[in-house]
Student: 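I have a structure here, written as structure tokens, and I will follow up with some questions on it.
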Amino acid sequence: MNRLDGKVAFLSGAARGIGGATAKLMASVGAKVVIGDVLDERGRQTAKEIETAGGQALYVSLDVTQEASWAAAMDAALKKFGKLDVLLNNAGIFNGKGVEEASIEEWHKLVAVNLTGVVLGTRAALPHLKASGQKSEHGAAIVNLASVAGLVGSQLDPLYSLTKGGVTLFTKSTALEFGRKGYRIRVNSIHPGVIDTDMGQQTFGRRAKARGTNDTEATRKASMTMHPIGRLGVADDIAKGIVFLASDDAAFMTGSGLVVDGGYTAQ
Ligand SMILES: NC(=O)c1ccc[n+]([C@@H]2O[C@H](COP(=O)([O-])OP(=O)(O)OC[C@H]3O[C@@H](n4cnc5c(N)ncnc54)[C@H](O)[C@@H]3O)[C@@H](O)[C@H]2O)c1
């Protein structure tokens with residue numbers, strides 16, 4: 001179940017965090033993984049850890065906001081592994097400022113990474129996913145990192161929410177577009193609650209600041225109480241959902257959103 005034997009996966013923003021955990025899990029269930037990130041040292045380290053554990057991995061420098069960077073990264077991936085079956089659009093940044101507080105430069109940066117990065121990644125991977133989709137029984141797969149912030153409004157993160165809401169509907173729309181065109185590519189999104197990664201830490205910092213304190217431990221606890229399951233998520237919680245969506249076990253899923261949020265949006 002949930003195996004990725006023989007599949008090649010490209011993961012953006014996978015030097016650390018959710019992407020890093022997913023690269024490791026994918027490799028452990030049979031995939032060859034390509035890690036693209038701006039954090040070169042950390043990315044090479046993650047690839048090395050995968051190889052040390054017996055997996056196959058390649059690190060490539062990638063700035064998801066740049067079309068030429070995607071083209072070079074895809075070339076390197078194809079040169080190394082010969083095909084592409086899975087794309088994970090995972091690279092993302094957080095802002096955590098209100099509509100009045102964020103600068104327009106911060107907004108443009110957020111859009112560049114969280115939205116343009118997803119569009120460019122999808123376009124760069126498309127010819128390769130189309131090719132492999134035609135050859136495999138259940139087609140190729142794209143998984144996009146949305147968020148609970150792409151499903152419900154967030155009083156502290158309106159700009160981040162806007163980008164993640166865009167990812168949610170881009171996922172459904174590309175699933176429909178590719179279906180209409182006869183491409184055999186499934187597209188699904190995943191919607192994490194608060195996950196204890198570097199970005200998770202940033203959310204605690206921003207929330208503390210919004211409350212006029214530096215007490216991130218208090219905001220971490222407050223964040224925990226928003227999750228009925230009684231804890232924050234860890235990167236592996238999300239990696240398992242991504243591996244499912246990328247695998248043939250999700251063969252009848254496209255245009256869907258998998259919510260992995262400890263009950264955050266159930267209330
Ligand atoms: N942590 C959470 O609570 C949470 C919740 C919901 C959704 N998400 C989403 O999950 C994804 C991963 O987040 P994470 O928690 O692992 O955060 P993280 O900050 O640990 O990882 C994000 C990765 O993206 C990379 N990245 C940033 N800008 C990039 C660029 N221009 N080009 C290439 N790579 C770039 C970073 O270097 C980093 O490795 C993001 O899309 C995030 O919005 C996170």
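Quantities reported herein were computed from a predicted structural model and do not represent experimental measurements. Both counts, for ligands and for their atoms, begin at 1 and track the order of listing.
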Student: Any salt bridge linking Asp5 with Lys32? Criterion: basic side-chain nitrogen under 4.0 Å from a carboxylate oxygen.
Tutor: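 Not counted as a salt bridge, because no side-chain N and carboxylate O are separated by less than 4.0 Å.
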Student: Without swapping roles, check the side chain of Arg184 against the backbone of Glu137 for a donor-acceptor pair under 3.5 Å.
Tutor: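 Here the side-chain-to-backbone pair exists.
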Student: Flag Lys164 as yes when one of its N or O atoms lies below 3.5 Å from any N or O atom of ligand 1, and as no otherwise.
Tutor: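 Right, the criterion is met.
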Student: When only distance counts, is Ser147 in polar contact with ligand 1, meaning an N/O pair under 3.5 Å?
Tutor: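 Among all N and O atoms of Ser147, none is under 3.5 Å from an N or O of ligand 1.
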Student: Polar-atom distance check: Leu145 versus ligand 1, any N or O pair below 3.5 Å?
Tutor: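 In fact, backbone or side chain, Leu145 has no N or O that close.
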Student: Tell me: protein heavy atom nearest atom 39 (O) of ligand 1, and distance?
Tutor: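 Among all protein heavy atoms, the one nearest atom 39 (O) of ligand 1 is Asp37 OD2, 2.6 Å.
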Student: Tell me, with the steps shown, if Tyr160 and Trp107 meet ring-ring contact (aromatic ring centres under 6.0 Å, His included).
Tutor: CA-CA 9 Å; Tyr160 177 78; Trp107 164 242; over 10 Å; no
Student: Could an N or O of ligand 1 be found under 3.5 Å from any N or O of Ile195, whether backbone or side chain?
Tutor: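 Looking only at distances, the answer is yes, because the N/O contact criterion of under 3.5 Å is met.
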Student: So, regarding Val113 and ligand 1 (criterion: nitrogen or oxygen to nitrogen or oxygen, under 3.5 Å), is there a contact or not?
Tutor: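 The answer is no, given that Val113 and ligand 1 share no N or O pair closer than 3.5 Å.
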Student: Give me the residue, atom name and distance of the protein heavy atom closest to atom 35 (C) of ligand 1.
Tutor: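 In this structure, atom 35 (C) of ligand 1 has Ala91 CB, 3.7 Å as its nearest protein heavy atom.
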Student: Could you check whether Asp215 pairs with Arg220 (Lys NZ or Arg NE/NH1/NH2 to Asp/Glu carboxylate O, under 4.0 Å)?
Tutor: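 Judged by the 4.0 Å cut-off on N to carboxylate O distance, Asp215 and Arg220 do not form a salt bridge.
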Student: Could you tell me whether Leu62 approaches ligand 1 through its side chain, its backbone, both or neither, with non-hydrogen atoms closer than 4.0 Å?
Tutor: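 Backbone only.
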Student: Using a 4.0 Å cutoff against the non-hydrogen atoms of Leu39, which atoms of ligand 1 qualify?
Tutor: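 The atoms of ligand 1 under 4.0 Å from a heavy atom of Leu39 are 37 (O), 39 (O).
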Student: Below 4.0 Å, non-hydrogen atoms only: which portion of Thr197 touches ligand 1? Side chain, backbone, both or neither.
Tutor: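 Under 4.0 Å from ligand 1, Thr197 contributes side-chain atoms alone.
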Student: When you measure from the side chain of Asp236 to the backbone N and O of Ala239, does any donor-acceptor pair fall under 3.5 Å?
Tutor: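 Side chain of Asp236 to backbone of Ala239, a donor-acceptor pair under 3.5 Å: no, none is there.
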Student: Record the part of Ala146 in heavy-atom contact with ligand 1 below 4.0 Å; permitted values are side chain, backbone, both and neither.
Tutor: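 For Ala146, only backbone atoms sit under 4.0 Å from ligand 1.
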Student: So if I count the atoms of ligand 1 from 1 in the order they appear, which ones are less than 4.0 Å from some heavy atom of Val194?
Tutor: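 So the answer, numbered in order with elements, is 3 (O).
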